[in-house]
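Each chain gets a letter, A, B and so on, in the order its sequence line appears, and its residues count up from 1.
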Amino acid sequence: MRGWVSLRKGRVARALRLSPMDSGSPIVTRFAPSPTGHLHIGGARTALFCWAFARAQGGRFMIRIEDTDQARSSDESARGILEDLAWLGIEWDDGPTLEVDGKIIGEGSREVGPYFQARRVALYNAYIEDLVKRGVAYAAFESAAELDEKRKIVVAAKKTYRYERPADVTRGVFNSDRWERACKGEPHVVRLAAPAEEIVVRDLVLGDVRIAPGELDDFVIRKADGFPTYHFAVVVDDELMGVTHVLRAQEHLANTPRHVALQRSLERLNPRTPFRTPAYGHMPLIFNMDGTKMSKRDKAKAARAALEAHLKDPSRTGEAFAAACGVEASHLEAFRAKENDSVEIAEAVARALSIELPEIEVADFRENGYLPEAIINFIGLLGWNPGLKTPDGRDLEHFDMAFIATNFSVERIGRTNAKFDRKKLLSFNADRIAALSDEEFIRRWAAWMATRPDDAPLARRLTEALANGEAWTTWLAQALKPRSRTLRDAGRACAFLRRRDDDTTFDAAQVEKCLLADNGAGRDLLGAFARELEALNDWSPARLTAAVEAFVQARGLKGPGPIASCVRVALTGSSVSPGLGETMGVLGKAGTLARIETCLRTIG
RNA sequence: GGCCCCAUCGUCUAGCCCGGUCUAGGACACCAGGUUCUCAUCCUGGGAACAGGGGUUCGAAUCCCCUUGGGGUCACCA
C-alpha cells in the first residue's frame, strides 16, 4: 500500500518512470505550435522546458508546425514563431530550417519530416483508412450545425453532452456502407470508435490520472475538409517522428486520454507494430496577476478601457478619434462594441493615446526592450525551480540557458499554476542589463534601436562611435545601465543626447529656481563654472566630477547641489539627468560649453 | 453541470516524496532608514504565508480523509 502511494506521488517514482519506451535510445521531445499568431509567452516556456529536458537527457529537440486549421494558419506566423524561438536562444535539432545571421537552425534533422502537418495529409489518410477498415473508426454524416443544436439542448439541461455512437456502428466491425457513402463524396467526418475501458495516464508531473470507461465519446479524427484533427495528427506524428516525451501545458491533460485511446487503436502500417505511448508531463498554467488567462485579447481590453476613458470627454468623438489614429470609423465602432478584439486596432489606439499595451507574446517583450536571457531566466522559474542555493544561502534564481540545459529535471516541475509577475520580470531584466559589459550594452541597445525608425540615427551613431573606440560610448553605457530596466528606458534616460546644442527650451520652473532666483546667483555661478571648464582638457567623467568638486571648494559652497542643478538644466533643459560628470563627458567639451552658452544667452 | 488537476508570504517559490533540525528560508513587490549633485543604482532593516476541519502519530507545512477555494476540459481550434 505504502509503496503504491509513493509510486503515485513521489518524485523518486516519477524519476524512475522517465523512460517507459526505448530506454536505450535517446529521448526526443518536441514543441508543436500552431501557426495562428505570434509565439505566446506560455508557449515559449513550454518550448524552453522541452528543449531543456532534451538537452539535459542528451536527447533531441524537435519543432513541428501544427497547421491543420486551414482557416487560421499562415506561413508568416510559422516563420515568426521560429524567429522568436531563435531569438530566445531555443534552437531545435529537427524541424523546419531557419537561417538567422548566416546560421541555419534545424538542419541536422533526423529526416522524419515534413514538419508541417499540412504536408502530411496523405500519411494521415492512410492511417484513417486502416482504422476504418479495422472497424475502429467510422464515417459520420451529421452536420456541424445539427450537432450543435443537440449539444445546446443537452447543455441547457445541465447534462454532459456526448456524441452518441450510431446504432449501426460496432467497434471492431468495418462498416462498409458508411465508408462507401464517404468515398462517393458525401460530406462526412471520421470518428474514432472509442474503446470502452478505463484509461490511465501516467503523468510525469501529476502522477497517475485515471479516466473512467465511458467518459470518452467518439471524437472526430478527420474533419469534413479532409484534414486531421489535432488529436489525430499529434498521435500519428509523435509516433512516426519518434517522440518519447511530451511536455505540454496542463490544459492538454484532459485531451490526453483521447491520445492514449488513439495510440491503443492505431498500428504502424508496415511492418505492423503497435503505437507506443510517450511519457507525458503536464505543466502548470501561467496567468495574469488578476488570475485571468494571458491572451492577446488583453491588448484589446486595455486599449478599449483607455479609449472609453478618453472619450468620456464630450468634446471628443469616436469619429474624430478614428481619423486621428488612422482607423476606419466603422471598424473602431465595432472594436468599441467588443465585436472584435483586433490587435491592429488596439495598437493604433494605444499609439494615439500613447499608452502601453500589456506584453503577451515574445515579440511584445522584444519590442519593449527585454533581453532574451532575462525572459528565459524568468519563465524558467515559472513552474520550475532548480532547488539550489547560492553560496550565501539564498535561493539560486539567476541562471542562463546553459545552466538550465544541464540542471533541468522533470521532477522539479511544480504542479501549481503561476501568475506572471511583470514587476519581477522587469527586475530580472534590469539585473541583466546591469550585468552587461559597457560595450555589450551599447551593441545590444543599438541593435534594438536600429529596427525602430526614430531611433535608427542614434543607433548608427553609436555603432560607429563604438567601432572607432570613442570613450564616450563607455561613459554613456555606465550612465544608462543603472537607469534602464529595459532597453526602452535607456532612450528615455538619455533624451538629452538628442537635444541640439542650440536648443533654447528650458524647464521654466527649474530656470527660475536654479538660475534666476537670488538675483541670478545661479546664472553667475554657471558662467564662472563654464570658464573653469574651458581650461580643462582631460574631458573624462572622473576629471569632470573632480572639477565640479574643486569648484565647490574654491567657491566655498556648502555642497555641489546648486552648481549641479544649474549645469544640469543648461545641458538637458530639465532637472533630471545621469551624473553630471557622465553627462558632460558624453556631450563632449564643445557640446557642453555650447549648451551652457545657449542657456546663458537665452535666460539673459 | 460532468470529468480531471491544484492548494506555503501580495507574487514566484524553498521545505513535502524519506514527519522532529521550520519561532517556515529566499527573491520580486511594498514600507522605513542610509549613501548620493537630480533621477536612478547601491546598502541596511521591517511587515508579510503553511485555506479550514477532522484523523494517523509522542510529534504534521510535511501522511490520509472531508470541506472550501482556484484552475483546466467537455468543438469538424490547437
Legend entry - Residues that Tyr127(A) engages under side chain to side chain donor-acceptor pair (under 3.5 Å), provided they are two or more places apart: none
Legend entry - N-O pairing of Asp438(A) and Lys481(A) below 4.0 Å: yes
Inset, instruction - Would you mind telling me which of C37(B), C28(B), A7(B) lies closest to the side-chain atoms of Lys424(A)? - result: C28(B)
Inset, instruction - Can you tell me the distance, in whole Å, between the CG atom of Leu204(A) and the P atom of C5(B)? - result: 16 Å
Inset, instruction - Select from Met289(A) and Lys423(A) the residue whose nearest nucleotide in RNA chain B is closer to the 5' end of that strand. - result: Met289(A)
Inset, instruction - For Arg191(A), answer base if it contacts any base atom (sugar-phosphate contacts may also be present), sugar-phosphate if it contacts only those atoms, and nothing otherwise; contact means non-hydrogen atoms under 4.0 Å. - result: sugar-phosphate
Inset, instruction - Among the candidates U8(B), G26(B), A78(B), find the nucleotide nearest to the side-chain atoms of Thr416(A). - result: U8(B)
Legend entry - Interatomic distance where CZ belongs to Phe232(A) and P belongs to C77(B) [whole Å]: 15 Å
Inset, instruction - Starting at atom CG of Asn385(A), determine the distance to atom P of G25(B), rounded to an integer number of angstrom. - result: 17 Å
Inset, instruction - Write down the distance separating the C1' atoms in G53(B) and A14(B), rounded off to the nearest Å. - result: 27 Å
Inset, instruction - Classify the nucleic acid contact of Glu142(A) as base, sugar-phosphate or nothing, counting any heavy atom under 4.0 Å across all strands shown. - result: base
Inset, instruction - For Ser143(A), answer base if it contacts any base atom (sugar-phosphate contacts may also be present), sugar-phosphate if it contacts only those atoms, and nothing otherwise; contact means non-hydrogen atoms under 4.0 Å. - result: base
Inset, instruction - Ignoring hydrogens and angles, state whether a donor on the side chain of Arg412(A) or Asn407(A) is under 3.5 Å from an acceptor on the partner side chain. - result: no
Inset, instruction - Would you mind classifying the nucleic acid contact of His398(A) as base, sugar-phosphate or nothing, using non-hydrogen atoms under 4.0 angstrom? - result: nothing
List every contact pair, protein side and nucleotides 67-73 of chain B side both N or O, where the distance is under 3.5 Å.
{"unit_1": "G71(B)", "atom_1": "O2'", "unit_2": "Asn417(A)", "atom_2": "OD1", "d": "3.2"}

Which pairs, protein N/O on one side and nucleotides 32-36 of chain B N/O on the other, fall under 3.5 Å?
none

Legend entry - Within residues 29-40 of chain A or reaching into it, pairs that qualify as salt bridge (Lys or Arg N to Asp or Glu O under 4.0 Å) - sequence neighbours excluded: Arg30(A)-Asp238(A)
Inset, instruction - Taking side chain to side chain donor-acceptor pair (under 3.5 Å) as the test, write out the residues that go with Lys424(A), two or more places apart. - result: Glu397(A)
Inset, instruction - Ignoring backbone atoms, test whether Lys223(A) places a side-chain nitrogen or oxygen under 4.0 Å from the OP1 or OP2 oxygen of C77(B). - result: yes
Inset, instruction - Map Ile211(A) and Gly561(A) onto RNA chain B by nearest heavy atom, then report which one ends up closer to the 5' terminus. - result: Ile211(A)
Inset, instruction - State which residues pass side chain to side chain donor-acceptor pair (under 3.5 Å) with His231(A); sequence neighbours excluded, sorted by chain then number. - result: His259(A)
Inset, instruction - For Asp148(A) and C77(B), give me the distance from atom CG to atom P, rounded to whole Å. - result: 11 Å
Inset, instruction - Assess Arg45(A) against Phe49(A): is NZ or CZ under 6.0 Å from the centre of the six-membered ring, and within 45 degrees of the ring's axis? - result: yes
Inset, instruction - Please identify each residue that fulfils side chain to side chain donor-acceptor pair (under 3.5 Å) with Glu373(A), with sequence neighbours left out. - result: Arg444(A)
Inset, instruction - Ignoring backbone atoms, establish whether Thr68(A) has a side-chain N or O less than 4.0 Å from OP1 or OP2 of A78(B). - result: yes
Inset, instruction - Report yes if the side chains of Phe141(A) and Arg178(A) come closer than 4.5 Å at any heavy-atom pair, otherwise no. - result: yes
Legend entry - P gap between U44(B) and A27(B), integer Å: 10 Å
Inset, instruction - Applying side chain to side chain contact (heavy atoms under 4.5 Å, CB included), name anything that partners Lys150(A), two or more places apart in sequence or on another chain. - result: Tyr161(A)
Inset, instruction - Taking atom C1' in both U23(B) and A48(B), compute the distance separating them and give it to the nearest angstrom. - result: 15 Å
Inset, instruction - Taking atom types as modelled, find out whether Arg488(A) and Asn368(A) have a side-chain donor-acceptor pair closer than 3.5 angstrom. - result: yes
Inset, instruction - May I ask you to check whether Phe378(A) and Phe420(A) place their ring centers less than 6.0 Å from one another? - result: yes
Inset, instruction - Answer with base, sugar-phosphate or nothing: what part of the nucleic acid does Glu397(A) contact at a heavy-atom distance below 4.0 Å? - result: base
Legend entry - Pairwise C1' distance for G59(B) and G20(B), with rounding to whole Å: 6 Å
Legend entry - Same-atom distance (P) from G55(B) to A49(B), integer angstrom: 26 Å
Legend entry - salt bridge (Lys or Arg N to Asp or Glu O under 4.0 Å) contacts in which one or both residues fall within residues 545-564 of chain A, not counting sequence neighbours: none
Inset, instruction - Indicate, with a heavy-atom threshold strictly under 4.0 Å, whether Arg72(A) touches base, sugar-phosphate, or nothing. - result: base
Legend entry - Lys419(A) vs C28(B): side-chain N/O to OP1/OP2 distance below 4.0 Å: no
Legend entry - Pair Asp218(A), Tyr138(A): side-chain N/O donor-acceptor within cut-off below 3.5 Å: yes
Inset, instruction - Mind checking Pro33(A) for me? I need base, sugar-phosphate or nothing, with any heavy atom below 4.0 Å counting as a touch. - result: nothing
Inset, instruction - Under 4.0 Å between any heavy atoms, over every strand shown, what does Ala418(A) touch: base, sugar-phosphate, or nothing? Just pick one. - result: sugar-phosphate
Inset, instruction - Could you tell me the separation between the CG atom of Asp290(A) and the P atom of G10(B), rounded to a whole number of Å? - result: 17 Å
Inset, instruction - Would you classify Ser565(A) as touching base, sugar-phosphate or nothing, given that sugar-phosphate means primed atoms plus P, OP1 and OP2, and contacts are heavy atoms under 4.0 Å? - result: nothing
Legend entry - Pair Asp237(A), Gln117(A): side-chain N/O donor-acceptor within cut-off below 3.5 Å: yes
Legend entry - Inter-nucleotide C1' distance (U62(B), C18(B)), Å rounded: 11 Å
Inset, instruction - For residues 563-576 of chain A, pull every pair meeting side chain to side chain donor-acceptor pair (under 3.5 Å), keeping only residues two or more places apart or in separate chains. - result: Arg568(A)-Ser577(A), Thr572(A)-Ser574(A)
Inset, instruction - Can you tell me, in whole Å, how much space there is between the C1' of A51(B) and that of G33(B)? - result: 36 Å
Inset, instruction - Report the distance from atom CZ of Arg432(A) to atom C1' of C28(B), rounded to the nearest whole Å. - result: 15 Å
Inset, instruction - Using whole Å, report how far CZ of Phe420(A) lies from P of U13(B). - result: 12 Å
Inset, instruction - Pick base, sugar-phosphate or nothing for Val189(A), based on heavy-atom distances below 4.0 Å to the nucleic acid. - result: base
Legend entry - Interface with RNA chain B, restricted to residues 153-164 of chain A and to heavy atoms under 4.0 Å: Lys158(A), Thr160(A), Tyr161(A)
Inset, instruction - Sticking with atom C1', work out how far C9(B) lies from A24(B), rounded to a whole angstrom. - result: 10 Å
Inset, instruction - Could you tell me whether Ser577(A) contacts a base, only the sugar-phosphate backbone, or nothing, with contacts defined as non-hydrogen atoms closer than 4.0 Å? - result: base
Inset, instruction - Under 4.0 Å between any heavy atoms, over every strand shown, what does Gly579(A) touch: base, sugar-phosphate, or nothing? Just pick one. - result: base
Legend entry - Heavy-atom donor-acceptor pair, Ser427(A) side chain to Lys423(A) backbone, under 3.5 Å: no
Inset, instruction - Spell out, as yes or no, whether a donor-acceptor pair under 3.5 Å connects the side chain of Arg422(A) to the backbone of Met289(A). - result: no
Legend entry - Length of the line joining Leu580(A):CG and C39(B):P, which is rounded to integer Å: 13 Å
Pairs under 3.5 Å (N/O, protein and nucleotides 41-45 of chain B):
none

